[in-house]
Amino acid sequence: MKGKMFKSAIAVALTASVVGVQSPQTASAAEGDFELTIMHTNDTHANLDKVANRAALVNKIRGEQPNNLLLDAGDVFSGTLYFNTFEGQADLPFMNLMKYDAMTFGNHEFDLGSSERGHQSLAEFVEGADFPFVAANVDLSADENMGGLQNEVYTADYNNGEVYNGIIKEIDGEQVGVFGLTTEETASISSPGDITFSNYIEAAEEAVAAFEEAGVNKIVALTHIGFNDSAEFDNDQLLAEAVEGIDVIVGGHTHVKLDAPFVYEGNTDPTVIVQANEYNKFLGQLDLTFNEEGVITSHAGQLHDVNAEDIVPDAEAAELLAPFAEEVAEVKNQSTEASAEIFLNGGRNEGGVRASETNLGNLITDGMLAKAKTIDSDTVIALQNGGGIRASIDIGDITVGEVLTTMPFGNALAIMNLTGQELKTALEHSVRLFPEENGGFLHVAGLEMTFDPDAAAGSRVTSVNIKTGDTMTPLDLTANYKVATNTFTAKGGDGFTSFGEAYEDGRVSEPGNIDYEMFIDHIQSLDSVKPMLENRISPEIPYTDVNMENWSAPYITDVFNRGLMTGKSDTMFAPQETLPRWQAVLILNRMLGVEDIENAPASPFTDTKDLPGTLAKQIDAAYAAGMINGVTTTKFNPRANISRAHFAIILNRVYENVNGDYEVTDYADYSDYGNYNAETKEAITMLDELGIVEGYNGKFRPAAFTSRAETAKMISIFAPYVQE
């Protein structure tokens, strides 16, 4: 318990702002009350292009709220070319300029641990900081670069550029304790080397006790454990529940956008939790009132949009950014001399790299396998963790900047000698959380696997076939296979214990080739960069009429698992049946996440009212969004089959609603659509240029009805263009 024995009685009389989490209001301070504003950032990941806007917001808030703290909850490292080029040294001048009061370590601060320089760049980042770091559950002592920077104390007598369990800040005569926590999962999802992480609950209990012994009754936990991360490791809500006495948790790691603070009220006194999303999109502001006993009596929180148009960038920060931005632009704009003919999907969503086979995952593993074979010709498989793919790549010229943004960690090649059983164990681990996103989801080359999403974790994989030349042979659990991956994964990262054991056994070679260099070499070797889904990773689907060897199978599997298309019955997908107009609308609404169907204004269509369920309202919503038109001003003709030309027009409208106008210079080279109007030809050309359609022997067949199999392919390829 916190040592404020009379707080429970006071907590009963808390203002509505603490109870009403969604709409907090700041109460007027009573005599003896203390008002504090906490500004906070997290998971900025070297996104510096708008850092001068953040600096302007900080200056504005400081001018309005003299009692303030500016805190960062970790993961400044990794994510953009600013990090690849400067390894944290581009971020630091701005944090110093803004006068941050403290920072805790995120897992990505330890990403460079397996590089040749180890944690030298992190040490330089810490030593150069005009603020202290707080880390109550991190032991740096065994690391040659970081060990000398750590002070395992809670103190008001601290130095900038050093690491403490916790610090005590004096603000307007009041003492505020700030301690730090980093997720224990860092050991498996980053490269900390000899740096270790202890239990967060035990560390927090020790911190609270230390502050209370020092007479501090306002305590802030600065954490990188996640607001709602897996309970297997740690998260902020569990921390608030388990440890009495923490007043505020300023969090990071899960990139959650908490527009309003979350308040945990299960203990004697409330704990307010905040988190400011990601990538320098927001600056968080939490205004607090404490009474004399250190109880929060009111709070108000908000996220300031760093990209808001009315922000005047801080001139000093803008001037400071210019040389960094100039150097980054040179790297960013350098061409790889290869061009993507289709959108390369590296996104984080239902069909993204952390839960599904994607064309970009296939392309990356193909390049890894090609390089590994030149080093060890016995290599037959390549694996890439989805968490190592950080961005998509657009159609057109592929720049070095895009590649480095997609693969920012500079992971090196490793070739493992595994038994079939060890490989299968790893594949089970890869899909254990499906359909939940998981950084350890493996993309593959050289093998095909199927798994049952409804089976228990650890018993999901139903078949694995290894590709040798043009032949697929079942995985032999007793045989040995040479498997390429990155050193992070090979050492057991993301929880791949079977790989880690092989590494410890000395069964992993490390030729040292860097991931983005292998990728660039590979795309330069291709006649065209147009990877597709290939049924390499196939969750089992319930449809008995889908031939898993057919071209349509990976797309049907994809749209089914994304929840975009379902079958005509529980067991029949009906791939060759045509698509009625009402069904096209339903698919589009699902793809775009259209939810407020019931409140959609009525469309002018008179022939939709007899449709079952919510279909009429679905059509109303799509019409209101500008995605569809009727065949006349009052008729939608919902049961009529939709033609390929009309479906192209609908997809074109959806694309432009999300991305703006798509400019067409020359029409696609199809011989059979010359009599169609410009809108139709432009829509078909867009789908052709985006790699969504290919036609049939030079013809598009615009008047033909769209089959459900064709729809599945088009929607599967199209969805990443319009989904975050």
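Along the sequence shown, residues are numbered consecutively beginning with 1.
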### Message
Could you go through T485 and N411, starting from their C-alpha distance and side-chain angles, then the distance that decides it, and tell me whether this counts as side-chain contact (heavy atoms from CB on, under 4.5 Å)?
### Response
CA-CA 9 Å; T485 189; N411 282 321; over 6 Å; no
### Query
What's the verdict on side-chain contact (heavy atoms from CB on, under 4.5 Å) for T399 and N333, showing C-alpha distance, side-chain angles and the deciding distance?
CA-CA 6 Å; T399 65; N333 296 326; 5.6 Å; no
### Task
Just do the side-chain contact (heavy atoms from CB on, under 4.5 Å) check on N486 and D515 with the steps written out, would you?
CA-CA 8 Å; N486 57 64; D515 54 7; 5.8 Å; no
### Task
In sequence, state the C-alpha distance, the side-chain angles, and the governing distance for L690 and I395, and then conclude on side-chain contact (heavy atoms from CB on, under 4.5 Å).
CA-CA 7 Å; L690 296 181; I395 282 180; 3.5 Å; yes
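By the 6.0 Å contact criterion, CG on D570 is open, its count of non-hydrogen atoms from other residues, nucleotides or ligands being 12 or less. Heavy-atom contacts from other residues, nucleotides or ligands closer than 6.0 Å to CG of N659 number more than 12. Taking a 6.0 Å sphere around CG of D669, one finds it holds 12 or fewer heavy atoms contributed by other residues, nucleotides or ligands.
No donor-acceptor distance shorter than 3.5 angstrom exists from the side chain of T706 to the backbone of L579, with no hydrogens or angles considered. For the pair R460 (side chain) and P453 (backbone), a donor-acceptor distance under 3.5 Å is present. Side-chain atoms of D75 never come within 3.5 Å of backbone atoms of H45 as a donor-acceptor pair (strictly under, hydrogens ignored). The main-chain N or O of E448 is never found under 3.5 Å from a side-chain atom of N465 such that the two would form a donor-acceptor pair. Between the side chain of K699 and the backbone N or O of S671 there is no donor-acceptor pair closer than 3.5 Å. Here the side chain of N362 pairs no donor or acceptor atom with the backbone of L533 at under 3.5 angstrom.
In this pair, Y670 and F700 present their aromatic rings tilted. The plane angle is within the 30 to 60° band. Ring geometry for W551 versus Y555: interplanar angle of 30 to 60°, hence tilted.
Under the 3.5 Å distance criterion, with hydrogens and angles disregarded, no donor-acceptor pair is assigned to the side chains of T85 and E327. Judged by distance alone, the side chains of D688 and Y667 never bring a donor and an acceptor atom under 3.5 Å apart. Under the 3.5 Å distance criterion, with hydrogens and angles disregarded, no donor-acceptor pair is assigned to the side chains of T462 and D452. With hydrogens and angles left out, the side-chain atoms of S603 and D620 include a donor and acceptor closer than 3.5 Å. Side-chain atoms of S463 and T450 include a donor-acceptor pair closer than 3.5 Å. In this model, no donor atom of one side chain and acceptor atom of the other lie less than 3.5 Å apart for T44 and N47.
Closest non-hydrogen pair, A46 versus T80, comes out as O-OG1, 2.6 Å.
Contact check on K530 versus E694 returns a salt bridge, with a Lys/Arg side-chain nitrogen under 4.0 Å from an Asp/Glu carboxylate oxygen. Using a 4.0 Å cut-off between charged side-chain N and carboxylate O, D305 and K50 make no salt bridge. Salt-bridge annotation for R536 and D366: present, with a side-chain N of the basic residue lying under 4.0 Å from a carboxylate O of the acidic one.
Note that the CG atom of N277 and the CG atom of L303 stand 7.5 Å from one another [nearest 0.5 Å]. Interatomic distance, S430 OG to N438 CG, rounded to the nearest 0.5 Å: 6.5 Å. Interatomic distance, CE of M714 versus CG of L687, reported as 7.5 Å (0.5 Å rounding). The structure places NE2 of H108 at 4.5 Å from CZ of F409, a figure rounded to the nearest 0.5 Å.
Exactly one residue among I650, V631, T608, N641 makes a side chain to side chain contact (heavy atoms under 4.5 Å, CB included) with R581. That residue is V631. Here the rule is ring pair (Phe, Tyr, Trp, His ring centres under 6.0 Å) with F343, and of Y721, F718, Y655 only Y721 fits it. With respect to P531, the side chain to side chain contact (heavy atoms under 4.5 Å, CB included) criterion is satisfied by exactly one of I523, T358, N345, N359: N359.
Using a 4.5 Å heavy-atom threshold, the side chains of V400 and K332 count as separate. Counting only heavy atoms from C-beta outward, the side chains of E357 and T557 never approach each other to under 4.5 Å.
A distance below 6.0 Å separates the ring centres of Y543 and F560.
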